[in-house]
Amino acid sequence: MTATTERRLALGALVHGSGGHIAGWRHPGARPDGQLDFAFHADLARTLERGRFDVLFVADVVAVRGHQLDSLSRTGRAEQFEPLTLLAALSLVTEHIGLAATAATTYNHPFHIARKFASLDHLSGGRAGWNVVTSVAPLEAANFGYDRHLAHELRYRRADEFVQVVKALWDSFDDEAVVRDKATGRYYDPAGLHTPHHRGEYFAVRGPLNISRPPQGHPVVFQAGSSETGREFAARHGEVLFTTQHELGAAQAFYAGIKARAAAHGRDPAHVLVWPGLTPLVAPTETEARRRLAELEGLIHDDVARRLVQDGIGDLDLTDHPVDGPLPDIPETNRSTSRRDLLLKLAHDEKLTIRQLAHRLAAGSAVAGTPEQIADHIEAWFRSYAADGFHISFPYLPGPAEDFVDQVVPLLQERGLLRTEYEGGTLRENLGLPRPAARDRHLQETGR
Ligand SMILES: Cc1cc2nc3c(=O)[nH]c(=O)nc-3n(C[C@H](O)[C@H](O)[C@H](O)COP(=O)(O)O)c2cc1C
């Protein structure tokens with residue numbers, strides 16, 4: 001793809017050693033031992049780089065992912081590397097691929113986060129990305145001395161201030177301020193140092209940061225808000241937005257809505273990239289691809305199926321209900337949410353059993369088909385402004401990632417959608433995102 005092409009298709013991979021599908025780790029081809037194996041991750045990163053992916057992304061929750069330790073014990077979700085530690089190591093065995101991770105604003109401090117992502121950006125030569133989340137898991141609260149999760153609106157207020165402080169810290173030094181000039185005896189130019197002196201509702205941070213400005217100016221900001229508040233936050237701060245979309249029309253509406261919101265905040269909509277999720281299951285024929293999806297579904301233990309449905313719907317105990325029976329009658333509650341209502345309607349309209357509903361939930365954004373069919377899906381969504389790129393989750397690893405790179409990526413390249421070589425040195429350059437100018441001050445500067 002040439003530098004003059006206006007829109008470029010971007011690909012991100014969501015990496016979880018036990019795979020994106022809840023039962024993926026049990027597949028005969030899966031490598032659940034890879035979860036805590038660096039060589040496994042290094043091979044995977046190189047495969048993705050061969051496929052010219054923009055970014056390898058590691059999600060995070062600072063707790064085990066689930067109250068129900070029994071059903072949790074039947075998934076591969078109980079352990080993972082701390083993401084930044086893993087990405088720092090991967091930066092040494094890769095050259096081009098971006099390295100992004102989640103760090104939540106609810107149970108972290110801006111100084112730590114600014115410092116860690118600045119370090120990763122320096123280590124990797126400008127390939128770092130930060131996924132700003134406010135934490136989906138109330139379980140995190142208990143690991144940090146709180147009785148309950150901070151309320152949704154307050155989490156976003158805190159996140160807003162958090163991001164402003166982090167950016168101010170990244171801008172502590174002007175780009176050229178650290179001169180390390182032996183002749184004059186100046187390590188840095190004092191005129192190029194800007195101390196944030198931040199005092200706000202949640203944070204008091206004097207600064208400056210103890211590391212020079214990141215090569216990208218600011219590591220790329222990822223976001224995945226989906227509520228009204230979350231979308232506003234994403235439109236204000238996000239540069240790559242993850243979203244879960246199952247249907248083209250809804251994805252187009254989300255895409256247009258986010259771009260309009262970004263424009264309303266004075267941002268160039270082209271610099272806010274929308275990436276829906278995609279779980280590709282590639283096979284020589286569509287029938288075989290569907291058989292492979294069914295094979296994965298067959299590996300979902302009954303307890304896990306119940307738990308998936310319980311977590312999806314909320315306020316529900318299915319322990320004593322047969323998984324091959326219908327959902328019990330569910331009373332109206334004031335905890336009704338769009339997702340809960342959607343699932344109840346789906347189960348009702350299609351007369352789904354608990355197990356069948358669990359299979360739908362586990363499949364997520366799965367597209368099972370031939371390499372051509374998967375490339376067609378990607379092309380259609382990209383060309384019809386439903387997606388600027390995709391966050392791709394492989395049902396298990398490493399086989400499906402290799403299949404995608406060997407069979408789908410060449411088709412995308414032949415169609416002129418995907419680069420054959422990396423264009424730039426940094427993640428920003430590859431994504432076509434501008435480098436923030438050092439003098440864009442995010443906070444009132446009160447002193448030096
Ligand atoms: C691809 C993707 C990755 C996400 N990764 C994380 C994560 O690592 N940690 C987390 O707490 N939430 C994660 N989320 C959840 C979002 O940050 C967000 O909280 C959720 O979509 C609900 O939206 P809301 O915060 O606007 O209510 C992710 C969401 C998506 C779609």
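Start at 1 with the first residue, then count along the sequence. First listed ligand is number 1; within each ligand, the first listed atom is number 1. What you see is a predicted model; the values in this text were computed from it and never measured.
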*Should E239 and R428 count as an ion pair when the cut-off is N to O under 4.0 Å?*
yes
_I'd like to check the side chain to side chain contact (heavy atoms under 4.5 Å, CB included) partners of A362; sequence neighbours left out, ordered by chain and number._
H21, I22, I300, L308
_What I want to find out is whether E228 reaches R261 closely enough, with some N-O distance under 4.0 Å, to be called a salt bridge._
yes
*Ionic contact status for R360 with E350, cut-off 4.0 Å*: yes
Show me the short polar-atom pairs for ligand 1: any N or O of it lying under 3.5 Å from a protein N or O, with distances only.
residue  : atom   : partner : partner atom : Å
ligand 1 : 8 (O)  : D60     : N            : 2.8
ligand 1 : 8 (O)  : D60     : O            : 3.2
ligand 1 : 8 (O)  : T102    : OG1          : 2.8
ligand 1 : 9 (N)  : D60     : O            : 2.8
ligand 1 : 11 (O) : V136    : N            : 3.0
ligand 1 : 21 (O) : A224    : O            : 2.9
ligand 1 : 23 (O) : S226    : N            : 3.2
ligand 1 : 23 (O) : S226    : OG           : 3.1
ligand 1 : 25 (O) : Y156    : OH           : 2.5
ligand 1 : 26 (O) : Y156    : OH           : 3.1
ligand 1 : 26 (O) : S226    : N            : 2.9
ligand 1 : 26 (O) : S227    : N            : 2.8
ligand 1 : 26 (O) : S227    : OG           : 2.6
ligand 1 : 27 (O) : H152    : NE2          : 2.9
ligand 1 : 27 (O) : S227    : OG           : 3.4

*Option from L48, L87, L90 for which side chain to side chain contact (heavy atoms under 4.5 Å, CB included) with V15 holds*: L48
*asked:* So that I know where these two stand, are Y202 and F162 an aromatic pair - ring centroids less than 6.0 Å apart?
replied: no
